[in-house]
There are 2 protein chains.
Amino acid sequence: MPRTTTHAPDLDWTDPECPVARTLDLVGDRWSLLVVRDAMDGVRSFTEFQRRTGIARNILTDRLRKLTAHGLLSQRTAPSGRRQEYVLTDAGRALFPVILTLRQWGERHAFAPGETHSTLVDQHGIPVPKIAPTSADGTPLGTDTTHVQKAR
Amino acid sequence: MPRTTTHAPDLDWTDPECPVARTLDLVGDRWSLLVVRDAMDGVRSFTEFQRRTGIARNILTDRLRKLTAHGLLSQRTAPSGRRQEYVLTDAGRALFPVILTLRQWGERHAFAPGETHSTLVDQHGIPVPKIAPTSADGTPLGTDTTHVQKAR
DNA sequence: CCAATCAGTAGCATATTGCAACTGATTTGA
DNA sequence: TCAAATCAGTTGCAATATGCTACTGATTGG
């Protein structure tokens, strides 16, 4: 039978051409990325997601289903007991740079000058350096030095 | 009178502690980041934003206002003529890494294996390398090698 | 066995978004 | 110059999405 890809239930994209738009079609709502953030912090149970985000339970049900359907989370039976748990797939973990850049932007632009906020640190407690896009030869890149090249 | 910061009309944060949540409170809806994406491509006029995104005009009005109110866009009178235009502020341009990582995730995970898509290239037409978070000493970082440290 | 916890569902109220039509100020062009 | 078109919205109403509260049904712990 004709399943052409292993991918998710096809949805109709906002703009099928644009990778940014496609990504936002999957996780560009109020809650999905917060669920992913918490999953990255090690959260696995329905109740814990609910407690941390404050999301309504029916919406959480919906989001967990969607993320699972699109292959960002997988649902499995917990090793001990018969409790369910949600864990990030490789695709889900690959959102790490997205969450990180959102975090870094927020730290810099969504807090007042003196205001304190949490920080992301590595194993040794050293803050994660700021992401700075560069070209292959190392020169910094920004909006003025890049552009989108349409697919051939 | 007591205006303590120069910042935007204070909104009530989903989770005031978390920079990710704060960022998503500002741009974590269906459309804002697409508007920012287009602004990075050089779009400045209401109509052009509308045409590119396909967003309803009343919603676009609302989003442009919000982005302006929160300091991501500034609205000014176009140099020639008396037409209005919206341009990214420094804070808005600082979302470049966010858009870039969303794009890179999408290219990799939201297209079927053989499917073509656009690419972001630099001045010389060379594709922008993939963002890979590292610690200060250069070792790659992921969800398992980082954690959030609460503010002191 | 009883109470508590977990993972949801169901029903209804509110909020957000989308659609289509309308305005009012330019701008174009015949 | 006058009509048509474009730009940047606004308004009203319909369709969706979200949130809140209460309920269920399966485990689990004591």
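Everything numeric in this text was worked out from a predicted model, so none of it was measured.
Note: CG (B:N58) to C1' (C:dA21) measures 12 Å, nearest angstrom. A:R63 has its CZ atom 15 Å from the P atom of C:dG8, to the nearest Å. Protein atom CH2 of B:W31 is 13 Å distant from nucleotide atom C1' of C:dT16, rounded to whole Å. Following rounding to the nearest Å, A:L60 (CG) and D:dT18 (P) show an atom-to-atom distance of 13 Å. Taking atom CD1 of A:I55 as the reference point, atom P of C:dA7 lies 15 Å away to the nearest angstrom. When rounded to the nearest whole Å, the span between CG of B:D29 and P of C:dT17 equals 6 Å. One interatomic measurement links the two molecules: CG of A:L73 to P of C:dA7, which rounds to 14 Å at whole-angstrom precision. Going from atom CZ of B:R57 over to atom P of C:dT17 covers 17 Å, rounded to whole Å.
Under a 4.0 Å N-O distance rule, the pair A:R37/A:D41 does not qualify as a salt bridge. A salt bridge does not link A:D15 with A:R22: none of the charged nitrogens is closer than 4.0 Å to a carboxylate oxygen. Contact check on A:D29 versus A:R63 returns a salt bridge, with a Lys/Arg side-chain nitrogen under 4.0 Å from an Asp/Glu carboxylate oxygen.
As judged by a 4.0 angstrom heavy-atom cut-off over every strand, B:D62 is placed among residues making no nucleic acid contact. Contact annotation for A:R51: no contact, since no heavy-atom pair falls under 4.0 Å across all strands. If you check every strand for non-hydrogen atoms under 4.0 Å, A:F49 touches nothing.
Using the six-membered ring where Trp is involved, A:F49 and A:Y86 have ring planes that are perpendicular, over 60° apart on the 30 and 60° scheme.
In this model, the phosphate group of C:dC6 is not approached by any side-chain N or O of A:Y86 to a distance below 4.0 Å at OP1 or OP2. Between B:T61 and D:dG9, a side-chain N or O to OP1/OP2 separation shorter than 4.0 Å is absent. Using a 4.0 Å cut-off, some side-chain N or O of B:R65 falls inside it from OP1 or OP2 of D:dT10.
Under the 4.5 Å side-chain contact rule for hydrophobic residues, B:F96 and B:I126 do not share a cluster.
The side chain of B:T47 has D:dC7 as its nearest neighbour among C:dA7, C:dG18, D:dC7. Side-chain proximity of A:I59 to the nucleotides D:dA8, D:dT18, C:dC19 is greatest for D:dT18.
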